[in-house]
Amino acid sequence: MDTSQFIQRDETCWEIQPKGAMRVPAIIYADAQLLQDMDQKVYEQLTNVATLPGIVEAAYAMPDAHWGYGFPIGGVAAFDPDQGGVVSAGGVGFDISCGVRTLLTGLNIAELQPHKQALADALYRKVPAGVGSKGKIHLNHKAMHGMLTGGAQWALDQGYGEPQDLERIEEHGCMAGAESHYVTPRARERQKDEMGTLGSGNHYLEVQRVAEIFDQNVAKTFGLRVDDMVISIHCGSRGLGHQIGTEFLKEMVMSAAQYQIVLPDRELACAPLNSPLGKHYLGAMRAGINCALANRQIITHLTRQAVATLFPNIHLGLLYDVSHNTCKLEQHMIDGQRKSLFVHRKGATRAFGPGHPDLPTVYKEVGQPVLIGGSMGTSSYVLCGTKESEQRAFSSACHGAGRAMSRTQASKQWQGRTLVDKLAAQGIIIRSPSMRGVAEEAPLAYKDVGAVVDIADRAGLARKVARLEPVICIKG
DNA sequence: ATGTAC
């Protein structure tokens with residue numbers, strides 16, 4: 001896009017001053033190159049978000065931002081319920097609570113080498129992947145309610161996982177305020193056989209090698225050493241989250257006029273936080289968060305089982321579990337005053353700094369682990385939250401590389417089989433039910449994740465701790 | 001992202 005539309009505030013901060021219906025500025029964190037390469041749609045969508053009622057401070061875009069539904073993916077916006085603030089289904093995203101969880105193995109990658117193919121096979125057999133994938137778990141009405149209100153805590157109670165997993169999950173594995181009665185029969189129907197499945201698109205289960213450490217102290221606290229094997233899971237709330245998003249979006253479009261909300265774009269449909277519709281969405285969305293937390297918890301259990309067939313004596317402990325499609329009630333300082341705000345993060349990771357009360361004790365001194373998934377075949381990163389991120393974007397950071405090309409464009413340009421062979425030659429094993437899906441996820445269809453993470457680090461959104469390289473990737 | 005349109 002045209003960078004002359006911005007006032008450059010510092011090395012990584014670009015501002016669009018309020019104009020027209022904008023209530024606050026729009027701010028993008030990027031360098032000149034990333035900003036130039038960013039779709040003009042990010043500018044339009046972010047300035048549209050800045051017009052919404054009750055928005056506080058600014059509408060923010062992370063360095064991985066790209067064109068999304070209504071809100072850009074990589075967008076952060078906070079709303080004050082006492083100032084007419086709103087909640088938007090498109091501002092959370094359709095894959096509610098999509099996120100990344102990383103497991104530590106303590107195993108040196110060299111020990112994996114003789115078992116690499118076998119582990120790829122075991123994981124691929126154990127964890128269902130792909131569009132409409134179903135698992136071995138089938139939820140009746142009671143179990144569905146338990147899952148929607150209990151999240152990873154429910155999964156643990158069903159025997160999936162270990163008690164010590166919970167403290168290393170946002171919300172300690174259970175999102176409070178979930179109201180399962182706002183989740184429709186149709187959404188439940190779509191989910192009842194999908195627990196413990198990866199889904200499709202950019203979702204994956206990846207065995208990785210710790211390739212580089214940027215901060216020895218924090219890496220030690222996080223349990224990361226060079227050449228350690230780790231496993232990351234990227235997925236969300238599957239059909240259920242999508243159905244909740246679809247249904248509430250429609251209702252929000254229909255009721256906008258009733259709430260006197262002027263929408264610059266239908267896709268920005270929202271409802272006042274204090275309205276019945278806003279509250280119902282929050283209740284359903286929180287149930288969607290629990291679905292994603294339970295899903296990643298079950299996949300963790302399946303992963304442990306698969307790994308145990310080859311390495312019966314190792315323990316897979318959680319590094320952390322982050323969600324990057326949410327709207328959460330948080331305390332933030334605005335003009336020296338503590339405010340309770342509803343922070344939308346869509347394709348953006350929460351990144352609380354050192355000392356934050358919601359962090360597990362083990363990470364309280366260093367800050368929250370921020371898990372950044374790379375694209376297929378490229379590096380992933382572990383960062384940690386900083387104090388200054390609170391002032392930069394409500395303690396938020398990027399969530400991945402960010403698409404640089406549409407799925408259709410990518411599937412025309414590359415062939416799945418060729419990519420799989422090419423990555424195999426680099427020592428990366430890909431297992432996927434869909435070669436078209438693989439083509440859509442071609443590494444070059446994404447931005448350079450290293451450049452994105454460098455900007456997040458330089459902007460103070462989060463600090464680089466470690467780089468992970470893929471070894472085995474189970475793709476949805 | 002998604003029973004890749006209801």
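So that the names make sense, note that chain A is the first sequence line, chain B the second, and so on, each numbered from 1.
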From CZ of A/Phe94 across to P of B/dT2 the rounded distance in Å is 12 Å
Once you apply a heavy-atom cut-off of 4.0 Å, does A/Thr246 come out as touching a base, just sugar-phosphate, or nothing?
nothing
A/Arg436 atom CZ is separated from B/dT4 atom P, nearest whole Å, by 11 Å
When rounded to whole Å, the CG to C1' distance for the pair A/Leu198 and B/dT2 reads 15 Å
d(A/Phe342 CZ, A/Leu273 CG) to nearest 0.5 Å is 5.0 Å
Over 60° means perpendicular and under 30° means parallel, so classify the ring planes of A/His234 and A/Tyr204, tilted if in between.
perpendicular
> Can you find a side chain N or O atom of A/Arg407 that sits less than 4.0 Å from OP1 or OP2 on B/dT4?
Replying inline: no
Practice item. Mind checking A/Gly199 for me? I need base, sugar-phosphate or nothing, with any heavy atom below 4.0 Å counting as a touch. Key: sugar-phosphate
Separation of B/dT2 atom P from A/Glu194 atom CD, nearest Å, is 8 Å
Atom CD1 of A/Ile73 and atom P of B/dT2 are separated, to the nearest Å, by 13 Å
Taking the six-membered ring for Trp, are A/Phe71 and A/Phe79 parallel (under 30°), tilted (30 to 60°) or perpendicular (over 60°)? tilted
From CZ of A/Arg186 across to C1' of B/dA5 the rounded distance in Å is 11 Å
Check your understanding: Would you call the rings of A/Phe352 and A/His332 parallel, tilted or perpendicular if under 30° counts as parallel and over 60° as perpendicular?
Key -> tilted
Rounded to whole Å, OH of A/Tyr69 lies from C1' of B/dT2 at a distance of 13 Å
5'-most contact on DNA chain B (nearest-nucleotide basis), A/Asp95 vs A/Val131, goes to A/Asp95
Taken to the nearest whole Å, CD/A/Glu189 to P/B/dT2 is 17 Å
Exercise. Look at all strands and tell whether A/Arg403 reaches a base, only sugar-phosphate, or nothing, counting heavy atoms closer than 4.0 Å.
Key: nothing
